[in-house]
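This report refers to the structure that appears directly beneath it.
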Amino acid sequence: MRSPIILALDTDEVQIARQWIAATKGSINIYKVGLEFFLKNGLAGLNALCAESDFELFLDLKLHDIPNTVAGAVLSIRDVEPRFLTVHAAGGRAMVKAAVEVAPEIAITGVTVLTSLDGSSLAAMGISQGALEYAICLAKSAVEAGARALVCSPLEVSAIRAEVGPEIELITPGVRPLGSERNDQNRVMTPQEAIAAGANYLVIGRPITSFFKESPLAMGKRAEEILESLA
Ligand code: C5P
């Protein structure tokens, strides 16, 4: 089974992450570990998680620094063999290229515009383009530097797909199945809409993980329902 769902393991507890993986592994292959988990548990915690569960890793560290420092950071986590590793496309072409060059086996993944930023926050940072235009610029720049995947808002997927072609994997958070709480996500699409717009993968967190409170079984069932709705 190849699933387009990437489950966001947004927890700082190794034990919880492990249980979430066990509950959903029937319908999910790729799991996203982000800063919350990584900064608390470090490489040792991540290695423990990877050793005990069989899954592909999306390591969402959103690296953003000078090229030499980013290359060093990539080398530091290379041995965990993430399938995807995120860097901020805004770090520039040389930075993305440095990441790609030291670990060509990892799909270096450019984060375009954070979905938390709107036109006025961009303007306050001196960026006169709107979020969509800026996201397209960042996407093109990251791909030219060797990024094999991009993270973008579901609302930007179709325009970015048109610019970068079919080979680049587009990954989108901000996805909400009908009837799910929006939480703090404002600009959302349903999973079906995001895939129809050209996304390869959907990062989903709370619409699935919130069912764990009920039971691991309920969580697994929720993941399965979302996957089935995409068939
Ligand atoms: O719980 P929810 O489905 O909102 O989780 C979405 C995941 O995607 C979280 O891990 C969040 O950090 C991440 N993300 C996002 N928006 C971005 C980039 C990443 O929601 N622009």
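Start at 1 and go down the list; that is how both ligands and their atoms are numbered. Fair warning: this is a prediction, and the values are worked out from it, not measured in the lab.
Taking every heavy atom of Gly205 and a limit of under 4.0 angstrom, the matching atoms of ligand 1 come to 1 (O), 2 (P), 3 (O), 5 (O). Each of the following atoms of ligand 1 lies closer than 4.0 Å to a heavy atom of Arg206: 1 (O), 2 (P), 3 (O), 4 (O). Listed by number with element, the atoms of ligand 1 under 4.0 angstrom from any heavy atom of Val203 are 7 (C), 8 (O).
The only option from Phe37, Trp20, Phe55 that meets the ring-ring contact (aromatic ring centres under 6.0 Å, His included) definition with Tyr31 turns out to be Phe55.
Residues Ile66 and Met95 fail the side-chain proximity criterion, which asks for heavy atoms closer than 4.5 Å. Counting heavy atoms from C-beta outward, Leu39 and Asp12 have side chains that stay 4.5 Å or more apart. Side-chain contact between Glu81 and Leu57 is absent, with no heavy-atom pair separated by less than 4.5 Å.
Remark: minimum distance from atom 16 (N) of ligand 1 to any protein heavy atom is reached at Thr115 OG1, 3.1 Å. Scanning the protein for heavy atoms near atom 18 (C) of ligand 1, the closest one is Pro173 CG, 3.7 Å. Of all protein heavy atoms, the one closest to atom 12 (O) of ligand 1 is Lys32 NZ, 4.0 Å. Of the protein's non-hydrogen atoms, Gln185 NE2, 3.9 Å is the one closest to atom 6 (C) of ligand 1.
For Glu105, the CD atom is densely surrounded, since the number of other residues' heavy atoms within 6.0 Å is greater than 12.
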Show the numbers, then the answer: is there a side-chain contact (heavy atoms from CB on, under 4.5 Å) between Asn200 and Ile168? CA-CA 9 Å; Asn200 301 94; Ile168 301 297; over 6 Å; no
Run the numbers on Glu144 and Arg93 for salt bridge (charged side-chain N to carboxylate O under 4.0 Å, His left out), then give the verdict. CA-CA 7 Å; Glu144 278 164 25; Arg93 270 191 280 206; 2.6 Å; yes
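Residue Asp10 holds the heavy atom nearest to atom 10 (O) of ligand 1 of all those in Asp10, Val175, Val151, Ile6.
Relative ring orientation between Phe84 and Tyr201 is described as perpendicular, the plane-to-plane angle rising above 60° on a 0-90° scale split at 30° and 60°.
Ligand 1 lies within reach of Pro207, whose nearest heavy atom is under 4.0 Å from it.
Considering both main-chain and side-chain atoms, Lys62 never comes within under 3.5 Å of ligand 1 through any nitrogen or oxygen pair. For Arg176, a nitrogen or oxygen atom sits less than 3.5 Å from a nitrogen or oxygen atom of ligand 1, counting backbone and side chain alike.
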